[in-house]
Amino acid sequence: MTGVPEEVAVPSRRNTTLKVIKGAKVGGPTPPRRRLVNRAVPAPAEPIERVLGRLDREPVEDPTEAGDLTVVGDPAEVEDLPDPEPEPAEPDAAEPTGTAPPRRARVLTALLVVLLAAALAGAGVQGHRWYVDRATDQARREAVAAARQAAVNFVSVSAASVDRDLSRITAGATGDFKDEFSRGQAQVRAAVVENKVQSQGTVLRAGLVSGDRRRAVVLVAVDATVRNVKAPDGRPSHYRIQLDLVRDRDSGDWLVTKLQFVG
């Protein structure tokens, strides 16, 4: 060997280019010593014929057990892969994610509230209607009963009890009828006493013409036997009397406002 410095070739793992480490010139100052690192030289690639032969000797995996993943090569060189995560279900395009259940719950609650309110309103209307119908029927029955009694009182007069009889008629009257009867009460009393009148009536039929809880018109058929000085044995009489009545707000009694003979 000569005094020419040698060049040492060191293979690099990053590429195939050789690093050239130049020595110091002969006779020059001694360069600092560099630390050499021993690195493993990669083994040459395995021939393709040998790889194919090894693959032919390996057992074939059952596709039902292996799944969709097929491994080619040495199983020891394949890293363990994590199981694939299931893909999240796509949200409904019509409703944003996370708002569908609360929105449906609110809609269902509102619907139930509306149905409950409608049911309560319907029950209230039906209950009020039932109360009004029942109260009206009760008032009509009371009006007919009052008209029957007023008709009997009007035709049942006796000279022996004239004051009591006339007072009973006045007590069951109101309005124009009461005012008119009160004005002629003295004349009626004199005629009853003078003619020794004795009359007793009986209701045959009574029917409601019209009426509600405050007003009513009732038609009453009455038979009466009238005795006086001209007919001491009495004679039968038949009357058809129409009575207009109103219900007194304070007492609740039905009072006659108009009385007329209609046949």
Side-chain angles (χ1 to χ4, degrees), residues 118-193 195-228 234-263:
L120 292 177
V125 171
Q126 292 296 330
H128 178 70
R129 183 178 302 172
W130 174 84
Y131 169 78
V132 171
D133 292 344
R134 184 174 181 181
T136 301
D137 292 341
Q138 179 67 23
R140 289 171 176 173
R141 288 193 295 267
E142 293 175 356
V144 171
R148 291 170 64 97
Q149 187 61 49
V152 170
N153 293 341
F154 190 76
V155 300
S156 300
V157 180
S158 175
S161 59
V162 62
D163 293 332
R164 184 172 65 249
D165 297 338
L166 296 180
S167 297
R168 186 168 57 245
I169 296 172
T170 305
T174 188
D176 294 340
F177 175 66
K178 184 175 183 178
D179 295 341
E180 182 180 356
F181 188 80
S182 297
R183 286 194 300 267
Q185 184 173 348
Q187 295 178 359
V188 173
R189 182 182 185 283
V192 170
V193 173
N195 293 283
K196 297 181 180 179
V197 176
Q198 183 180 357
S199 176
Q200 183 64 43
T202 303
V203 174
L204 300 178
R205 292 178 300 275
L208 181 72
V209 177
S210 63
D212 52 25
R213 290 185 293 172
R214 293 298 178 187
R215 295 183 176 273
V217 178
V218 182
L219 188 63
V220 182
V222 180
D223 273 353
T225 301
V226 181
R227 295 181 175 88
N228 52 35
R235 57 181 177 84
S237 299
H238 181 74
Y239 308 103
R240 294 181 66 186
I241 305 174
Q242 179 176 311
L243 301 97
D244 294 6
L245 303 97
V246 295
R247 192 170 190 174
D248 185 71
R249 292 181 179 274
D250 297 331
S251 64
D253 297 334
W254 286 91
L255 305 176
V256 180
T257 60
K258 184 178 180 180
L259 186 149
Q260 58 182 337
F261 294 92
V262 294

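Quick note: numbers below take in every heavy atom, side chains included, and nothing from hydrogens, waters or symmetry partners.
Rounding to the nearest 0.5 Å places OG of Ser210 at 11.0 Å from CG of Leu219. Between the CG atom in Asp253 and the CG atom in Asp248 there is a gap of 6.5 Å [rounded to 0.5 Å].
A 6.0 Å sphere centred on CD of Gln138 holds more than 12 heavy atoms belonging to other residues, nucleotides or ligands. Around the CD atom of Gln260, the shell of radius 6.0 Å holds more than 12 heavy atoms that belong to other residues, nucleotides or ligands. Remark: Arg215 CZ is loosely packed, at most 12 non-hydrogen atoms of other residues, nucleotides or ligands lying under 6.0 Å away.
Judged purely by atom type and a 3.5 angstrom limit, Ser199 has no side-chain atom pairing as donor or acceptor with the backbone of Val157. A donor-acceptor pair under 3.5 Å is formed between the side chain of Arg247 and the backbone N or O of Gly252. In this structure, the side chain of Asn228 does not engage the main chain of Asn195 through any donor-acceptor pair within 3.5 Å. A donor-acceptor pair is defined here as one N or O able to donate and one able to accept, closer than 3.5 Å; such a pair exists between the side chain of Arg140 and the backbone of Gly211.
Taking the charged nitrogens against the carboxylate oxygens, Lys258 and Asp176 have no contact shorter than 4.0 Å, which rules out a salt bridge.
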message: Using the rule given for salt bridge (Lys or Arg N to Asp or Glu O under 4.0 Å), can you reason through Arg134 versus Asp137, listing the C-alpha separation, both sets of side-chain angles and the distance that settles it, and then say yes or no?
response: CA-CA 5 Å; Arg134 184 174 181 181; Asp137 292 341; over 6 Å; no
- prompt: Given Thr174 and Val246, is the side chain to side chain contact (heavy atoms under 4.5 Å, CB included) satisfied, shown in steps?
  reply: CA-CA 8 Å; Thr174 188; Val246 295; 3.9 Å; yes
message: Run the side chain to side chain contact (heavy atoms under 4.5 Å, CB included) test on Tyr239 and Val220 for me, step by step, so that the C-alpha distance in whole Å, both residues' side-chain angles and the decisive distance to 0.1 Å come before the verdict.
response: CA-CA 8 Å; Tyr239 308 103; Val220 182; over 6 Å; no
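In plain terms, the two heavy atoms of Val256 and Leu243 that are nearest each other are CG2-CD2, 3.9 Å. Scanning both residues, Gly234 and Thr225, for their nearest heavy atoms gives CA-CG2, 4.4 Å. For the residue pair Ala146 and Leu245, the shortest heavy atom distance occurs at CB-CD2, 4.0 Å. The two atoms that bring Val152 and Gly201 nearest to each other are CG1-O, 3.9 Å, heavy atoms only. When all heavy atoms are compared, the tightest approach of Ile241 to Ala151 is CD1-CB, 4.4 Å. Here the closest heavy-atom approach between residue Arg205 and residue Arg148 is recorded as C-NH1, 4.5 Å.
With contacts defined as side-chain heavy-atom distances shorter than 4.5 Å, the pair Gln185/Ile169 does not qualify. Inter-residue side-chain proximity for Arg214 and Arg249 is flagged as met; some heavy-atom pair is nearer than 4.5 Å. Using a 4.5 Å cut-off on side-chain heavy atoms (C-beta onward), Leu166 and Arg189 make contact.
With sequence neighbours excluded, the residues forming a side chain to side chain contact (heavy atoms under 4.5 Å, CB included) with Ser182 are Thr170, Lys178, listed by chain and number.
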